[in-house]
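What you see below is based on every heavy atom in this structure, not just the backbone, and it leaves out hydrogens, waters and symmetry mates. Being a predicted model, the structure only gives us computed values, none of them experimental.
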Amino acid sequence: LLQRLRIMEPDKDEQQEELIKTFRHRLKEKISVGPVLNHLYFISHEDKERILQKLKTEGDASAANQLIDVVLKKPHPEGWFRAFVDALIHGDSKYAAMVLEGSPKPEEEEENDYCVALVRLLAPSLVQMKTADVCCECFSLGLLGQDDNDKVLAEIDTQGPGRGAGELLRRIVRRPPGWFSTFLQVLKKTEHYPLLRELTGDPHWCEQQGETGALIDHETIFLHTFGIFNSSKQSFMLSRKTLYIACLHISTFPKTPLTGHSSTVCECGLLTWMQLLFRLADLSYSEAAAEAPRSPEKTEIVLRDYQMEVARPALEGKNIIICLPTGSGKTRAAVYITKKHLDSRREAGSPGKVVVLVNKIPLVEQHYSTEFLPYLKQTYRVERVSGDSQLKISFAKTVQKNDIIICTAQILENYLERAENGEDEGVKMSDLTLIIIDECHHTQKGGVYNHIMMRYLMQKHKNLRLKKEQKKTVPLPQILGLTASPGVGGANTVAKAVEHIMRICANLDASEIMTRSQEEDRKQQRKTILTVENKDPFGDVIKTIMNAIHNEAKLSPICDLGSQNYEQWAVQKERQAAKEEDKTVRVCAEFLRRYNEGLILSNTIRMSDALSYLNKFHEEQIKKKTSVDGEQNIQITDTERFLFKLFKELETFSKNPKYENDSLSKLREQILREFSSRGQARGIIFTKTRHSAITLSQWIQENPKFADVEVKPSHVIGGGDQSDTKPMTAAEQKDVLKKFRAGEVNLLVATTVAEEGLDIPACNFVIRYGLSTNEIAMIQAKGRGRADDSSYTVVDVKNSGVAERECVNEYREEMMGKAINKIKGQSREAYQKQMMEFQLQAIMEERMRQVKRKQKAIKDEKPSHVKFSCRNCAKPVCSGEDIQIIENMHRVNVTTQFKELFIQRENATLQERLLDYETNAVIACKDCGQPWGSVMVYRGMDFPCLHVKNFVVNINGKKISNCTKWSDLPIRFTAFDYIEHASMMAQGSDEEMG
């Protein structure tokens, strides 16, 4: 008997598998994945996590499909099928269980399908319901389970009633047959009479509200529709509108040809007529559903009450700043304002032009693909342009052809300047009707936002004069600023904070700053500050080395080692020594700056990582003293030998794990605590440098304790090239954030690039690790923790002062709130007067800056008056007469004398293509190995390209050692003549061959 059971069991499993496969399409539409998973014991924790992540990112159908795959996976545990059916029953998916148990009759299923089709067809009207009231009644009548009810209410709370209604409809159509009648009862009880009329076609529901008006001749509609059906079936196309009208009115026919009796009851006559329509049209339910309107989520912009409140002045055409916390929907409000702006312009017969400005390249694609395009593409032309886009070359044409352009601010500034200079391909401020400025708190000082707005303010005040003179004024666009926090600009008093915010308002010409506190809607974040013990054995060794270098160079620093102030001191000493040709102090200062950076890193990352950073620098210095062919004898001084020897003391010490820094231990404990105490943890660690972000991510990946609690880390860093660490491209950033959204990554280690703007999903914990900048960054970092029961932790780092600055930032955040309230409490006259004062002051300051820029732009020094010497060994290199400029950008020296002074060395980090030239090697001083620049391949020839930061510049006897850009020099170099040079090279080659 046992043997027979063993043989029969696989057959039973196969039959049950086949049953699930047969009804797979219907099951995945009817399963509520979340509740069902809670009742499935035989699915592994890893599989459940993957399914839940699929649920978050792709919705119920995709998650249900994956759930079915897991259930069908062999080998099956004993009783798996019964367990699956029980889980469906107890997990709010009774209809799915009924499908597997064979209880719904075919006619019941067919009728249910038509009810679902009708609801989907009428979705645009149904989402206008009073969602909270309907949800409450559906829950009390059992039409929604507890999980369904919670999810719908959460959607209403976070996304608004329209999105909540869509979620409610998606959930009730999964219920067993009979749900439609219950739903009609709910609509009746909540007095949704117009919706009842649309669902049943019964004009009686209109009478409940006293509505009047002639009804449509329904029989004519049906005969017209039936006539279409009788036409050639091959050319038949049933439009969504025709089907919609037919379904809407067909139940009011006095008699049905098929049944001979009245069909005023929706679940009888109406469905009979719907069946006739579908069958005559030869449409299956799935085909009809495909014809039905898609989810209203991306076709209709639904704002929550507070979003509409802050947007209202902008809808009236006023310039405003919207100040809302991170994740509260500022951009969605901007999309809504954009649509209404363009709609009103179109209705008035004067089409609008909207430009959305951002300050980071990744934000261009983010705003384009997740906000503006999905909601506005059906009505308006939307395009994006950034530094990574080829469209930046034809930006003026792009502006002409499109209604909405999302771009980096610098591109618009460049083309505004072109128009000002009279170039054909420019863009005028008057071409635009609305400018939206994202992260508008940057509209101050010398930022690109301020340059754009300064053009606006100058024209505005010019218009005031023109108006007085009764002359034609130049039209200006409406301005909308978006920010999570304007900050206080380092103010120590509320009055100074008011002045700072008022200056931003003045720069944006904002008539109001619109805010709304969400304290009543959001749960208070749990905040913790973790302090560290003041012990650092590894750091003490670095300090010992640094003090030995101080003695060697006879230097006496006046600031703490391992601080930012010390780094500035070291930079100043290096520049001064280069100017004075003191090679000992110069090279010691350079080493001290690197050791100081290593000391800072050792407080935040593993000793081995800090050592690796210093080791890389050490190897680079030794490489400088080695020629490529080994023939060149590069000078090594006694000081350099001394410095190389000191480094070796660190290597053996760093291998002892007991000397690990306390901050790292605190961070490890906090990460483990977050992932152990939460069902599904998702967090961000903010750190100071790119190097620490990368190394911390590696540390987490390599530590088995983190793997035990399923931590999946990755790093996100900036895209600029300001540091020694390789930057991240926009595509790489996008890929990591995509994985974070999908759950493939659940812990981001990021620099401040992730604090502002980037679309990062809600996290339930945020850790600032040895990083505290200002109150704006603190507010934005805290705003990343938007999930319920989120925590915000600050881990202090030795010598960082993070804990103290965090307290100061909290005080300034409170001060900012008081300042904004004070501004909003001002009279209109006082506000306008102060705005005018600040604007006039800004205009005068800008004019003074323009005068200084013009004076600085005058290149009146003769090239022969300028001498360049090696920054390290002070050897004379060349004069300004020897240098030529390629494409008004690259300074090259092609003289034969210069060629004898340098050696050439490959450098993998420079092997990257740049337009029509490329760099693939460095040039360095033949005597001391100091880098001078790079070898540049331009139009098939090699050119030594000089980097001015590697030289001490002498202008008429005055030495300059802090020159970092060629534009800082008041010299106009001779333009490079490619044809002349190429001819000389060709002639030389001919002579050699001859």
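With a 6.0 Å radius and a threshold of 12 heavy atoms from other residues, nucleotides or ligands, Lys573 has its NZ atom at or below the threshold. For Asn888, the CG atom counts as loosely surrounded, since its 6.0 Å shell holds 12 or fewer non-hydrogen atoms of other residues, nucleotides or ligands.
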Can you check side chain to side chain contact (heavy atoms under 4.5 Å, CB included) on Arg891 and His947, steps first, answer last?
CA-CA 8 Å; Arg891 278 76 178 177; His947 300 172; over 6 Å; no
Check against side chain to side chain contact (heavy atoms under 4.5 Å, CB included), Thr689 and Tyr613:
CA-CA 13 Å; Thr689 67; Tyr613 170 81; over 6 Å; no
Please report the C-alpha distance between Asn954 and Val866 in whole Å, then the side-chain angles of each, then the deciding distance to 0.1 Å, and finally whether the side chain to side chain contact (heavy atoms under 4.5 Å, CB included) criterion is met.
CA-CA 6 Å; Asn954 188 320; Val866 184; over 6 Å; no
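The side chain to side chain donor-acceptor pair (under 3.5 Å) check on Asn547 picks up His550, with sequence neighbours excluded. Scanning for side-chain contact (heavy atoms from CB on, under 4.5 Å) contacts around Gln564 gives Glu567, Ile600, Lys688, with sequence neighbours left out. With sequence neighbours left out, Glu845 forms a side chain to side chain donor-acceptor pair (under 3.5 Å) with Gln841. With sequence neighbours excluded, the residues satisfying side-chain contact (heavy atoms from CB on, under 4.5 Å) with Glu846 are Met454, Met458, Arg849, Gln850, Arg853. The side chain to side chain donor-acceptor pair (under 3.5 Å) test applied to Ser697 returns no partner, not counting sequence neighbours. Applying the side-chain contact (heavy atoms from CB on, under 4.5 Å) criterion to Gln410, with sequence neighbours excluded, gives Glu413, Asn414, Val448. Residues passing the ring-ring contact (aromatic ring centres under 6.0 Å, His included) test with His865: none are found, sequence neighbours excluded. Every residue two or more places apart in sequence or in another chain that forms a side chain to side chain donor-acceptor pair (under 3.5 Å) with Glu581 is listed here: Lys959. Under the salt bridge (charged side-chain N to carboxylate O under 4.0 Å, His left out) criterion, Glu420 pairs with Arg455, sequence neighbours left out. Checked against side-chain contact (heavy atoms from CB on, under 4.5 Å), Ile979 has the following partners two or more places apart in sequence or in another chain: Asp977, Ser983. With sequence neighbours excluded, the residues that form a salt bridge (charged side-chain N to carboxylate O under 4.0 Å, His left out) with Glu640 are Lys625.
With rounding to the nearest 0.5 Å, the separation of NZ in Lys583 from CZ in Arg586 is 8.5 Å. Of the inter-residue distances, the one linking His441 atom NE2 with Tyr449 atom OH reads 8.5 Å to the nearest 0.5 angstrom.
When atom types are taken as modelled, the side chain of Asn507 and the backbone of Thr443 share a donor-acceptor pair closer than 3.5 angstrom. Between the side chain of Asp796 and the backbone N or O of Ser663 there is no donor-acceptor pair closer than 3.5 Å. Checked by atom type and distance alone, the side chain of Ser869 never pairs as donor or acceptor with a backbone atom of Ala874 at under 3.5 Å. Using modelled atom types, one side-chain atom of Arg641 and one backbone atom of Ile636 make a donor-acceptor pair closer than 3.5 Å.
Between Leu946 and Val892 there is no side-chain heavy-atom pair separated by less than 4.5 Å. For the pair Ile960 and Ile955, the minimum side-chain heavy-atom distance is below 4.5 Å. The closest side-chain heavy-atom distance from Asn596 to Met546 is below 4.5 Å. The closest side-chain heavy-atom distance from His890 to Tyr938 is not below 4.5 Å.
Among pairs with a residue in residues 867-884, those fulfilling salt bridge (Lys or Arg N to Asp or Glu O under 4.0 Å) read Glu574-Arg871, Lys875-Asp927, at least two apart in sequence or across chains.
Screening Gln572, Glu580, Lys579 for a side chain to side chain donor-acceptor pair (under 3.5 Å) involving Gln576 leaves a single residue, Glu580.
Note on Glu499 versus Arg503: salt bridge recorded, some NZ/NE/NH1/NH2 to OD/OE distance being below 4.0 Å.
Under the 3.5 Å distance criterion, with hydrogens and angles disregarded, a donor-acceptor pair is assigned to the side chains of Thr895 and Asn893.
Under the 6.0 Å distance and 45° angle rule, Arg594 does not count as a cation-pi partner of Phe591.
Ring orientation note: the planes of Phe943 and Phe976 are nearly perpendicular, at an angle over 60° on the 30°/60° scale. Between Phe973 and Trp966, the two ring planes are perpendicular [angle over 60°; tilted spans 30° to 60°].
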